[in-house]
Amino acid sequence: MATQRTQGSKEQQPGAGPGRRAVLGAAVLGAGGAVIGLPGTAAAAEQYGGRGYKDLPVPTVIAHRGASGYRPEHTFGAYELALDMGAHVVEAGDLVPTKDGHIVCRHEPEIGGTTDVADHPEFADRKTTKVLDGVSTTGWFTEDFTLAELKTLRAKERIPANRPHNTLYNGRWEIPTFEEVLQWQDEQTRGRGRQVWIYPELKHPTYFRKLGLGLEERVARLLRKYGKDKRNSPVILQSFEPSSIQRLDKLVDNPLVVLLSSASSRPWDFVEAGDPRTVADLVKPEGLKWIASYAQGIGPTLDLIIPRDATGKLTTPTTLVADAHAEGLILHPYTMRNENPFLPADFRKGTDPDAYGDAFGAFTTYFATGIDGVFTDNPDTGLLARGDFVNG
């Protein structure tokens, strides 16, 4: 797990989706990861049209950075595998800028852990230490590279200790741009016979705005170029900084989601602006009412839905689901993963810290709270769990 930031990072726990009835038509992966079924037939295709995001199946299974449990995250390999598995939405893009103003898809601006940049002697002098949202961070940063330079790099597995099998794919894919993702989305929609949805996140917007690389305007420009800036467009935008979502609300009509980290944390734009509110304040009814004045949803950590005790076991659910729904907000918590270290202690199995635990039991527990969807690294597991849940 990357260094915990004040602003937050979807690095914490597993997430799940709510319990409304919907039709499930998902592909299933066999042992060893071979795809044995593909969505997209005329009968199974769902054209999420009329009401936009409100027409997505509930609970919605959102592929976290693609099928990142099986392929290096934020690569077209991870994105396409997520669609092969039947994910309803793909989080195609944690969006960060390049030196020359392009938008690329990396988990963080620091790319030492997700690319082979350290193996490129021509970039050795780019390694540096910066303060990113109050945290001293050493490595290589996207804003110090042109797009042409970044395109010479290749992606690698971010957590190889947990997912050594993913290292098989190190070096196979380059870093995608957000514009390439928007083009890919259209190609996949045509090829699969169903509308492909994406759910990009704007990373560290205050930090980048200070560098003269504001994200919101660049993202809005690309969405307008591809006709995807409408209320019913198949692109949901998210950020940990409420001011970034407010800015987007003035630029585009897309559905918007405010991400929420741990209860004691403060969004970084609040820290910069001297706003004393914490996430604990934002999840109270008055905070949710404020969020609902400019956004359509929230993306809380799963601990804000069901807290854990000191031993890592789940306790009693909070009232957040009911309170958010009362304000008309959807909830898409993060992040559900199959491996023991990421599961609540109740659902870990065996002594191997990186073996799979009872992910199905954890999914079911979170779905039962009434949340509207889940970010998961393992969309195939999420879809099977969802099928069990909605079919009783």
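Being a predicted model, the structure only gives us computed values, none of them experimental.
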Within the structure provided, determine whether P109 and E143 are in side-chain contact (heavy-atom separation under 4.5 Å).
yes
Is E180 paired with K151 through a side-chain N to carboxylate O contact shorter than 4.0 Å?
yes
Sub-4.5 Å side-chain heavy-atom contact between I330 and Y53:
yes
Check whether F141 forms a cation-pi arrangement with K130 (NZ or CZ under 6.0 Å from the six-membered ring centre, at most 45° off the ring normal).
yes
Exercise: identify the closest heavy-atom pair between Y79 and G66
CD2-CA, 3.9 Å
For the side chain of T167 and the backbone of N170, is there at least one donor-acceptor N/O pair under 3.5 Å apart?
no
According to salt bridge (Lys or Arg N to Asp or Glu O under 4.0 Å), does anything in residues 248-261 pair up with another residue at least two apart or in another chain? List the pairs.
none
Salt bridge or not between D84 and R192? Use side-chain N to carboxylate O under 4.0 Å.
yes
Atom NZ of K99 with >12 non-hydrogen neighbours under 6.0 angstrom:
no
I want to check a possible cation-pi pair here: R126 against F145, using under 6.0 Å from ring centre and within 45° of the ring axis as the test.
yes
Over 12 non-hydrogen atoms of neighbours within 6.0 angstrom of CD in E122
yes
Would you say NZ of K230 has more than 12 non-hydrogen atoms from neighbouring residues, nucleotides or ligands within 6.0 angstrom?
yes
Any side-chain heavy-atom pair from E80 and W184 closer than 4.5 angstrom?
yes
Would the distance check show the side chain of T319 and the main-chain N or O of A322 forming a donor-acceptor pair, the cut-off being under 3.5 Å?
no
Which value, rounded to the nearest 0.5 Å, describes the distance between E327 atom CD and S293 atom OG?
10.0 Å
So, does D116 use its side chain to make a donor-acceptor pair with the main chain of R154 at under 3.5 Å?
yes
For the atom pair CD (E157) and OH (Y169), what is the distance rounded to the nearest 0.5 Å?
11.5 Å
Using a strict 4.0 Å threshold on nitrogen-to-oxygen distance, state whether R209 and E216 make a salt bridge.
yes
With the side chain counted from C-beta on, respond yes when K127 and V117 share a heavy-atom pair under 4.5 Å apart, and no when they do not.
no
I want to check something: taking the side chain as every heavy atom from C-beta on, are L256 and Y294 in contact at a cut-off of under 4.5 Å?
no
So do L56 and V89 actually touch side chain to side chain, heavy atoms under 4.5 Å?
yes
Verdict with supporting geometry, H332 and Y199, ring-ring contact (aromatic ring centres under 6.0 Å, His included)
CA-CA 11 Å; H332 290 157; Y199 207 137; 5.6 Å; yes
Should the pair D377-R337 be classified as a salt bridge under the 4.0 Å nitrogen-to-oxygen rule?
yes
Does R277 make a cation-pi contact with W290 (under 6.0 Å, within 45 degrees of the axis)?
yes
Using a strict 4.0 Å threshold on nitrogen-to-oxygen distance, state whether R163 and E339 make a salt bridge.
yes
Applying side chain to side chain donor-acceptor pair (under 3.5 Å) as the test, list every pair that has at least one member in residues 344-354; sequence neighbours left out.
N162-D354
Is the centre of the F347 ring less than 6.0 Å from the centre of the F360 ring?
no
As a test of understanding, state which of R218, K225, R221 forms a salt bridge (charged side-chain N to carboxylate O under 4.0 Å, His left out) with E179.
K225
Would you say that E201 contacts V257 through its side chain, given a criterion of any heavy-atom pair below 4.5 Å between the two side chains?
no
N-O pairing of D323 and K289 below 4.0 Å:
no
Basic-acidic side-chain contact under 4.0 Å: K313, D309:
no
